[in-house]
Number of protein chains: 2
Amino acid sequence: MAIKKTDVATGQASMKQVADAAGVAVSTVSRALANPGRVNEKTRKRILEAAQTLGYTPNAAARSLRKGRTGAIMIVLPGQLFHGASQVIPLVLAGIDRFLAAHGYNILIANLDRDESSEAHIVNLASNGSVDGAIIISSGIPQTSQKSLTQTGLPIISALHDLSHHGIPSVITNESEVMGKMTELLAQQGHRQFFYVAGPQGMYHERVRLDGIRQGIAQADLPAGSLRKSQGLRPYQEGFQIGVDAADMFLDFAQRPTAVMCCSDDAALSFIAKLTTSGLRVPEDVCVVGFDGSAVGAFVNPSLTTIAQPAEAIGSKVAELLTRQLDGEHVPMVTQLDSAIVRRQSA
Amino acid sequence: MAIKKTDVATGQASMKQVADAAGVAVSTVSRALANPGRVNEKTRKRILEAAQTLGYTPNAAARSLRKGRTGAIMIVLPGQLFHGASQVIPLVLAGIDRFLAAHGYNILIANLDRDESSEAHIVNLASNGSVDGAIIISSGIPQTSQKSLTQTGLPIISALHDLSHHGIPSVITNESEVMGKMTELLAQQGHRQFFYVAGPQGMYHERVRLDGIRQGIAQADLPAGSLRKSQGLRPYQEGFQIGVDAADMFLDFAQRPTAVMCCSDDAALSFIAKLTTSGLRVPEDVCVVGFDGSAVGAFVNPSLTTIAQPAEAIGSKVAELLTRQLDGEHVPMVTQLDSAIVRRQSA
DNA sequence: GTCGTTTTGGCAAACGATTGCCATTAAAGT
DNA sequence: ACTTTAATGGCAATCGTTTGCCAAAACGAC
């Protein structure tokens with residue numbers, strides 16, 4: 001603490017220094033910068049010049065301490081990100097980023113993983129005033145043994161997962177409906193036996209997509225037994241292994257289904273690769289459809305029929321809802337956007 | 001400002017409230033929490049209990065204002081992230097995250113894009129005291145018309161790009177050497193004409209990799225004219241289009257090269273797809289190798305020969321160097337880690 | 001019981017910005 | 001010229017922590 005007040009070499013310039021340089025009080029500097037009309041245009045210009053010369057940047061900690069807001073939004077990711085070809089999460093992020101940046105918010109990515117320490121970190125960020133709101137992407141509510149994110153009182157919106165029953169406004173897609181439509185389409189093409197390459201059992205997406213398939217099968221007047229599924233022991237991040245495991249199971253069937261629907265494009269790609277290696281032809285012998293609409297799907301052989309979610313739109317919608325909530329508006333508990341079937345060679 | 005000091009309903013509990021509840025002064029609470037030995041074990045226990053009951057979490061803004069440090073490290077991404085199958089950046093991130101989390105730092109992802117406003121945002125974060133250090137991943141130095149990141153005085157480390165000539169310690173791989181080795185390997189297999197599917201012209205990676213290929217060609221006693229290359233008009237993010245464009249060029253050659261090396265796996269995948277569609281066989285007619293070691297490469301047909309960078313190791317190394325620099329240690333300007341050739345079917 | 005030493009806890013000053021309130025000055029109205 | 005009103009700038013409190021310094025209390029040695 002031997003540093004003198006007037007020390008200029010200490011990296012950043014403070015408002016005090018700008019004030020001294022311009023010959024005014026700090027309060028005037030503050031107003032000149034934030035409150036356009038409040039200070040005489042002439043002094044204001046002098047202050048701006050001084051700030052410019054000193055390379056002044058307002059200190060974030062001091063500002064948010066005083067204002068009680070930080071202008072930052074926390075993004076909670078589903079964890080162990082990006083281990084496949086799927087681009088859904090990055091695109092959602094891009095949508096969020098675009099909207100929030102345009103509205104003067106910063107985004108703060110809270111986690112790259114979802115282990116115990118990450119959960120603690122997330123809840124802590126929410127509790128210690130680092131952020132003004134949170135967006136949960138495609139996952140459940142972060143919580144530690146002590147406290148859950150909802151208990152922090154922070155405004156939260158969920159993307160891709162329906163968490164409305166926990167009181168969290170959610171932006172989701174009609175994935176159930178689209179899966180049903182896809183099933184009907186395949187049935188119309190003459191398929192009678194279906195196989196679903198499942199993601200992690202019991203997860204939200206799995207429940208609703210499976211529901212959709214079952215409805216599609218009923219709609220096509222086929223027996224419920226027309227659908228078989230893989231076990232669903234792995235998380236989405238292990239998409240390629242999901243496909244490989246499922247292919248092993250598939251190849252062992254005495255009577256093989258002819259239409260295969262996968263929980264992700266990653267799973268579909270490795271599933272197809274394994275089938276091809278075993279001498280089966282896609283789509284001649286077996287039709288395979290993915291899920292996600294990954295860009296890579298257009299550049300593989302055969303190109304991949306899949307379901308594309310409006311990922312970027314979901315992102316900006318979620319961001320919009322959060323900012324509206326921060327402004328005290330009331331937002332709908334469920335917002336639904338439409339996914340689309342992308343028809344290519346594999347089905 | 002009509003809120004009374006004693007107002008408890010205001011969300012977060014403050015240290016003052018904990019102090020009151022425990023019947024001590026705030027300074028004692030602070031010491032009890034941070035400075036184990038400094039306060040009597042009995043009062044300490046009472047304070048911890050009070051904190052627990054009130055759900056106290058120290059305010060981040062206040063703490064960092066006082067301490068002058070935030071405990072956060074800024075990550076600068078190369079922009080428009082993750083539009084292909086490459087996993088390099090995410091893996092580097094994972095490595096960074098693991099190391100920094102273990103050492104008590106938070107990570108703050110500064111940008112998802114790299115446009116003008118992102119650059120400004122990055123420089124601003126560095127200037128306003130939000131972070132203690134920065135890691136630049138595979139890109140140049142962020143700068144606005146006013147100020148560059150280096151001028152903020154913030155400790156910086158670079159990953160994947162060699163920025164040592166700007167005074168920034170850098171962790172890179174031997175990509176030049178490996179490309180040379182790969183070229184020699186192909187020459188040994190009998191290939192005499194090479195084609196390089198180029199990334200954005202003039203970029204660091206492009207220069208060193210091309211150098212490596214040229215050296216490999218010289219090493220194999222082949223004329224410099226054995227190497228042709230595509231134009232390199234697109235950024236890495238448009239990897240699939242890079243491959244498609246290059247394939248168009250390739251197919252137009254009167255005398256086609258038989259060995260193709262690509263700047264990314266994305267480019268290799270779409271290049272192969274286009275060739276296959278045009279009736280060429282890989283690897284029988286043309287050998288193709290990628291770059292990145294993407295997971296998807298093992299699950300396509302033919303599976304992709306590629307070069308895998310030690311991405312996660314790079315991440316943790318970069319993080320380690322930064323923490324050491326923050327502790328006042330001197331760190332080497334260049335650290336090099338080894339990439340490896342992954343031999344699969346496409347070459 | 002006295003004196004010296006070590007614990008232990010509190011006071012108050014920072015950190016850097018924002019903002020309510022007041023004093024001064026300038027402009028306008030009569 | 002005198003009063004009223006508006007414009008302008010400064011003082012000082014405040015946000016929630018951390019920490020140097022000091023005083024009180026506890027302890028030990030004699």
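Note on naming: letters A, B, ... go to the chains in the order of the sequence lines (proteins, then strands), and numbering restarts at 1 for each one. Everything numeric here is computed off the predicted structure, so don't read it as measured data.
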Calculate the interatomic distance between [X] atom [atom1] and [N] atom [atom2]; express it in whole Å.
X	N	atom1	atom2	value
Asn59(A)	dG16(C)	CG	P	7 Å
Gln12(B)	dC15(D)	CD	C1'	14 Å
Leu33(A)	dA17(C)	CG	C1'	11 Å
Gln17(B)	dT17(D)	CD	C1'	14 Å
Arg69(A)	dA17(C)	CZ	P	17 Å
Lys67(A)	dA13(D)	NZ	P	22 Å
Met15(A)	dG10(D)	CE	P	13 Å

Mind checking if Ser14(A) touches a base, just sugar-phosphate, or nothing, with heavy atoms under 4.0 Å?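 Ser14(A): backbone/sugar contact only, no base atoms under 4.0 Å.
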
Indicate for each nucleotide in nucleotides 4-9 of chain D, in 5' to 3' sequence, whether protein heavy atoms under 4.0 Å reach the base (B), only the sugar-phosphate (S), or nothing (-). ----BB

Side chain to side chain donor-acceptor pair (under 3.5 Å) partners of Thr144(A), counting only residues at least two apart: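 If we apply the side chain to side chain donor-acceptor pair (under 3.5 Å) test to Thr144(A), skipping adjacent residues, there are no hits.
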
Atom pairs and distances, donor-acceptor, side-chain atoms in residues 155-162 of chain A, under 3.5 Å, two or more places apart:
unit_1, atom_1, unit_2, atom_2, d
Ser158(A), OG, His161(A), O, 2.7
Asp162(A), OD1, Ser164(A), N, 3.0
Asp162(A), OD1, Ser164(A), OG, 2.7

Who passes salt bridge (charged side-chain N to carboxylate O under 4.0 Å, His left out) against [X], sequence neighbours left out?
X	value
Arg46(A)	none
Glu116(B)	none
Lys147(A)	none
Asp20(A)	Lys16(A)

Can you tell me if [X] and [Y] form a side-chain donor-acceptor pair at under 3.5 Å?
X	Y	answer
Asp115(A)	Ser118(A)	yes
Asn106(B)	His121(A)	yes
Gln143(A)	Gln151(A)	no

Contact list for residues 119-144 of chain B, test salt bridge (charged side-chain N to carboxylate O under 4.0 Å, His left out), sequence neighbours left out: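 Every pair satisfying salt bridge (charged side-chain N to carboxylate O under 4.0 Å, His left out) with a residue in residues 119-144 of chain B: Arg114(B)-Glu119(B).
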
Closest nucleotide among dT18(D), dG16(C), dT19(C) to the Ala62(A) side chain: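 Looking only at heavy atoms from C-beta outward on Ala62(A), the closest nucleotide is dG16(C).
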
Starting from the first five and the last five pairs of the helix from dG1(C)-dC30(D) to dT30(C)-dA1(D), work out the angle between the resulting helix axes, to 10 degrees.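 Helix axis angle between the two ends: 40°.
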
Both Leu65(B) and Val29(B) contact DNA chain C. Which one's nearest nucleotide lies toward the 5' end? Val29(B)

Going by ring-ring contact (aromatic ring centres under 6.0 Å, His included), name the residues that satisfy it together with His103(B), two or more places apart in sequence or in a different chain. Phe99(B)

Is the phosphate of dG16(D), meaning OP1 or OP2, less than 4.0 Å from a side-chain N or O of Arg63(B)?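 Answer is no, no contact under 4.0 Å.
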
hbond_proxy Arg66(B) side chain to dT18(D) base (donor-acceptor, 3.5 Å cutoff):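 Checked by distance alone, the answer is yes.
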
Check: residues 28-43 of chain A side-chain donor-acceptor pairs under 3.5 Å, at least two apart:
unit_1, atom_1, unit_2, atom_2, d
Asn40(A), OD1, Lys42(A), N, 2.7
Glu41(A), OE2, Arg44(A), NH1, 3.3
Thr43(A), OG1, Asn40(A), O, 2.9

Quick test: give all pairs of protein nitrogen or oxygen and nucleotides 23-26 of chain C nitrogen or oxygen below 3.5 Å, distance rounded to 0.1 Å.
none

